[in-house]
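Structure first, then comments.
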Amino acid sequence: MHLSALHGWFYDCDREARWHENYPLAKGDNQSPIEISSKDARYDTCLSPWHASYDPGAAKTILNNGRTCRVVFDDTFDRSVLRGGPLSGAYRLRQLHLHWGSSDDHGSEHVVDGVKYAAELHMVHWNPKHGNFAGALKQSDGVAVVGIFLKVSEIDNIKTKGKEAPFQHFDPSILFPKSRDYWTYHGSFTTPPCEECITWILLREPIEVSADQMAKLRSLSKNGENEPVNPLVDNWRPPQPVKGRIVRASFK
Ligand SMILES: CCc1c(F)c(F)c(S(N)(=O)=O)c(F)c1F
Ligand SMILES: [Zn+2]
């Protein structure tokens, strides 16, 4: 059976360029990620600060799904929510996951003034006014993803060393950088089916992770147990055409 018939999709080499063959939305006008040019971003004084109120008890499990490392949260009620910023209403935290490279000089999906970070953390929230996550995917205001860039520091950053903590009592807001400054634009999932339902909130200030934390991410495998080792690296989509979209900045 031809791979594409399994509706599988892959990141490596030109395969991202073929996603549209099974996922037509991948060629839409509001795709993510994009290149952020800070000089072209428009400072919008109407943008308010965003606020996350997360319940650490909502964290459930951490999973390697062969494409990323994902932590899922209980989103059956307004237990861990994001509000403010470009959003109207409270969006429920559903999951967080990461994208990273095979070396520290690349791995993020969004690129800022030509800079690729070692990794990019996505905190995925959905708008409960659309009933459930599947319904929210079909709405342009259905999903809000907070993107946080990861850069490798020389020193061990104690804050993120806690990533080893049991995820049952894990408050993802410890991952937020000091500054709340952000860029925001309307885009899509960066993986198939690439629905254009996302209000992106990209934090300007990266957080620091240690080299051995990056090594832990790179030690994950795409393959299942007892299968040939296939390192889980380079699970990022390259920047897509901006197509006239405006990126707004919450800062001057
Ligand atoms: C459907 C599950 C899912 C993803 F697979 C995904 F890659 C992203 S992303 N990289 O745009 O943040 C999501 F937001 C998301 F909800
Ligand atoms: Zn993502």
Side-chain angles (χ1 to χ4, degrees), residues 7-12 15-16 19-20 22-23 25-28 30-36 50 52 58 60-75 80-82 85-87 91-101 106-112 116-128 130-150 172 175 182-203 206-207 217 220 222 232-240 245 247:
H7 274 211
W9 52 269
F10 304 91
Y11 283 105
D12 52 343
R15 307 245 222 146
E16 185 273 332
W19 284 0
H20 69 93
N22 286 309
Y23 303 99
L25 295 175
K27 273 208 180 298
N30 301 284
Q31 289 292 292
S32 296
I34 60 171
E35 297 244 9
I36 301 286
W50 54 275
K60 292 196 300 194
T61 56
I62 184 167
L63 164 79
N64 168 353
N65 66 8
R67 289 196 165 116
T68 185
C69 169
R70 185 177 71 189
V71 175
V72 295
F73 299 83
D74 167 21
D75 62 351
S80 291
V81 295
L82 176 77
L87 307 173
Y91 283 59
R92 282 185 199 165
L93 176 65
R94 178 177 180 85
Q95 54 114 309
L96 66 81
H97 63 270
L98 298 106
H99 304 264
W100 61 91
H106 69 283
S108 64
E109 299 204 296
H110 291 87
V111 177
V112 181
K116 293 182 179 177
Y117 287 93
E120 188 171 329
L121 172 74
H122 290 158
M123 296 184 178
V124 182
H125 312 72
W126 58 280
N127 192 336
H130 297 308
N132 56 33
F133 186 67
L137 304 190
K138 307 296 169 207
Q139 311 295 327
S140 63
D141 67 345
V143 178
V145 179
V146 175
I148 302 174
F149 297 114
L150 275 59
L175 296 169
Y182 65 89
W183 292 285
T184 183
Y185 78 96
H186 183 249
S188 76
F189 284 136
T190 64
T191 63
C194 301
E195 279 95 347
E196 299 185 341
C197 59
I198 297 189
T199 301
W200 280 94
I201 298 170
L202 288 174
L203 306 191
I207 60 171
L217 273 180
L220 296 175
K222 288 177 190 159
L232 174 47
V233 290
D234 289 324
N235 56 353
W236 49 278
R237 185 189 194 187
Q240 301 298 308
R245 285 175 282 175
V247 176

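What's counted below: heavy atoms across the whole structure, side chains too, no hydrogens, waters or symmetry copies. Read the numbers this way: they start at 1 and go in the same order the structure lists the ligands and their atoms.
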For G66 and L232 the tightest heavy-atom approach is O-CD1, 3.8 Å

Classify the angle between the aromatic ring planes of W9 and W19 as parallel (below 30°), tilted (30 to 60°) or perpendicular (above 60°).
-> perpendicular

Relative to the Zn ion (ligand 2), which of the N, O or S atoms in H122 is the closest?
-> ND1

Candidates I201, L98, I207 - the one meeting side-chain contact (heavy atoms from CB on, under 4.5 Å) with I148 = I207

Per-atom contacts of ligand 1 with F189, taking only distances under 4.0 Å to non-hydrogen atoms = 8 (C), 11 (O), 13 (C), 14 (F), 15 (C), 16 (F)

Quick note on ligand 1: atoms under 4.0 Å from a heavy atom of H122 include exactly 9 (S), 10 (N), 12 (O)

With a cut-off of under 6.0 Å to the ring centre and 45° to the axis, is R245 in cation-pi contact with Y185?
-> no

Tell me, with the steps shown, if N127 and Y91 meet side-chain contact (heavy atoms from CB on, under 4.5 Å).
-> CA-CA 5 Å; N127 192 336; Y91 283 59; 3.3 Å; yes

Proximity of R94 to ligand 1 by residue part, where a heavy atom lies under 4.0 Å | neither

Let me know which of V124, V145, L93, V146 forms a side-chain contact (heavy atoms from CB on, under 4.5 Å) with L82.
-> V146

Could you label the plane-to-plane angle of the F133 and F189 rings as parallel, tilted or perpendicular, counting under 30° as parallel and over 60° as perpendicular?
-> tilted

With the Zn ion (ligand 2) at the center, what angle do NE2 from H99 and NE2 from H97 span, rounded to 10 degrees?
-> 100°

Atom 11 (O) of ligand 1: which protein heavy atom is closest, and how many Å away?
-> T190 N, 3.0 Å

Do you know the tightest heavy-atom contact between R237 and C194?
-> NH1-SG, 3.9 Å

Heavy-atom distances under 4.0 Å are what count here, so tell me which part of W200 touches ligand 1: side chain, backbone, both or neither.
-> side chain

Is it true that the side chains of D234 and H106 contain a donor and an acceptor less than 3.5 Å apart?
-> yes

Honestly, for F133 the part within reach of ligand 1 (heavy atoms, under 4.0 Å) is side chain

Has H97 got any heavy atom lying under 4.0 angstrom from an atom of ligand 1?
-> yes

Going by the 4.0 angstrom heavy-atom rule, the piece of Q95 near ligand 1 is side chain

Under 3.5 Å: N/O of H99 near N/O of ligand 1 = yes

What part of V145, side chain, backbone, both or neither, has a heavy atom within less than 4.0 angstrom of ligand 1?
-> side chain

Any N/O pair T191/ligand 1 closer than 3.5 Å = no

